[in-house]
Amino acid sequence: MTTLPLHFSAEAASAKAEGRPIVALESTIITHGMPFPQNLETAKLVEAEVRRHGAAPATIAVLEGRLCIGLEPGELDALARNDGAMKLSRADIATCIASGRTGATTVAATMIAAHLAGIAVFATGGIGGVHRGAEFSFDVSADLHELALTPVTVVAAGAKAILDLPKTLELLETLGVPVIAFGQDDFPAFWSRRSGLSAPLRMDSPAEIAAAHTMRARLGISGGQLVANPIPAEHEIPRDEITPMIEQALADAKRRNIHAKAVTPFLLARIFELSGGRSLDANIALVLNNARLGAAIAGEIVKAR
Ligand code: PSU
Ligand code: MN
């Protein structure tokens with residue numbers, strides 16, 4: 001398609017050629033965020049949800065050194081079963097491609113790939129953020145800096161309460177990232193609709209979000225937007241129910257000396273166990289909800305062109 005080392009799926013290539021809306025999807029949620037087989041089922045459901053709402057899905061991953069913009073069904077299946085895939089962020093995506101390895105893209109790496117592919121909107125579950133205790137560990141997700149650099153609108157259900165949400169919002173403000181709560185004033189907290197913190201911005205329609213995306217580009221402002229879309233009420237786990245499980249998972253991570261890239265996958269897996277699978281059901285519901293909003297925003301951006 002260009003001299004860029006991008007490999008489009010048949011579906012993503014035709015959507016791009018016809019100027020139809022595309023929604024990028026990440027793959028770390030598949031390899032490191034959910035257990036098999038729910039990871040594969042969810043990935044397929046999310047793609048179907050994007051299609052049903054008028055856009056083409058493009059799940060992004062590096063397969064044996066190929067930066068894939070959209071996966072064919074067999075590729076998605078193989079990735080979901082691959083427990084040796086790297087977890088790729090800005091720091092390691094190029095080395096993975098250059099050395100012919102296989103890796104799943106986090107929010108940061110998916111944004112980079114989506115932008116290279118000309119895709120404006122990306123839907124996922126939750127972004128990485130400032131971890132609790134970051135004043136000692138310095139554990140701050142590269143996702144936050146990526147939002148400051150790369151012009152992609154990311155639809156997520158806020159950030160998980162395993163993180164330090166006030167510090168995450170402070171850093172996003174410092175980095176100049178618009179944080180837009182969708183349809184409410186409160187910043188959502190992933191499994192719960194409310195964090196108790198107000199989001200800096202609020203928008204109530206996909207068209208408004210699309211217009212803001214386009215205006216940033218016209219002004220030459222680098223970086224993307226974070227759209228924080230609350231989980232549907234019928235699927236939420238209220239804050240007082242999830243909090244003890246989060247505390248337990250954090251204590252376990254500390255005791256077992258979990259560090260760096262392993263932290264987020266460990267906490268997600270532990271909360272899955274502690275909640276008897278309920279955290280996963282909520283996670284699936286919120287990703288589908290984000291896929292719908294992402295498709296609507298992508299549709300509005302294309303309409304406005
Ligand atoms: N949130 C989830 N599921 C996930 C992740 C976040 O609900 O799988 C993944 C995303 O890929 C995100 C990454 O970019 O975790 C952040 O990892 P870290 O905290 O190591 O930056
Ligand atoms: Mn980290």
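All residue numbers refer to positions in the sequence shown, counting from 1. No experiment lies behind these values; they were computed from the predicted model shown.
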Trace of the side-chain contact (heavy atoms from CB on, under 4.5 Å) decision for Ile246 with Trp191: CA-CA 11 Å; Ile246 292 170; Trp191 298 293; 4.2 Å; yes
Does the side chain of Ile22 reach to within under 4.5 Å of the side chain of Val302, using non-hydrogen atoms? no
Contact between Phe182 and Val155 at the side-chain level, heavy atoms closer than 4.5 Å - yes or no? no
Carboxylate-amine/guanidinium proximity below 4.0 Å for Glu170 and Lys167: no
Name the atoms and distances for all side-chain donor-acceptor pairs under 3.5 Å in residues 33-40, with sequence neighbours left out.
residue: Asn39; atom: ND2; partner: Ile30; partner atom: O; Å: 2.9
residue: Asn39; atom: ND2; partner: Ala80; partner atom: O; Å: 3.0

Taking the side chain as C-beta and beyond, is there a heavy-atom pair between Ile221 and Met215 under 4.5 Å? no
Do Ile60 and Ser27 have side-chain heavy atoms sitting under 4.5 Å apart? no
Are Arg255 and Asp252 close enough for a salt bridge, meaning some N to O gap below 4.0 Å? yes
Taking CZ in Arg51 as the centre, count heavy atoms belonging to other residues, nucleotides or ligands within less than 6.0 Å. Is the count above 12? yes
Greater than 12 external heavy atoms within 6.0 Å of Glu64's CD: no
If we ignore angles and hydrogens, is there a donor and acceptor under 3.5 Å between the side chains of Thr153 and His213? yes
Would you say Arg216's side chain and Ser222's backbone share a donor-acceptor pair under 3.5 angstrom? yes
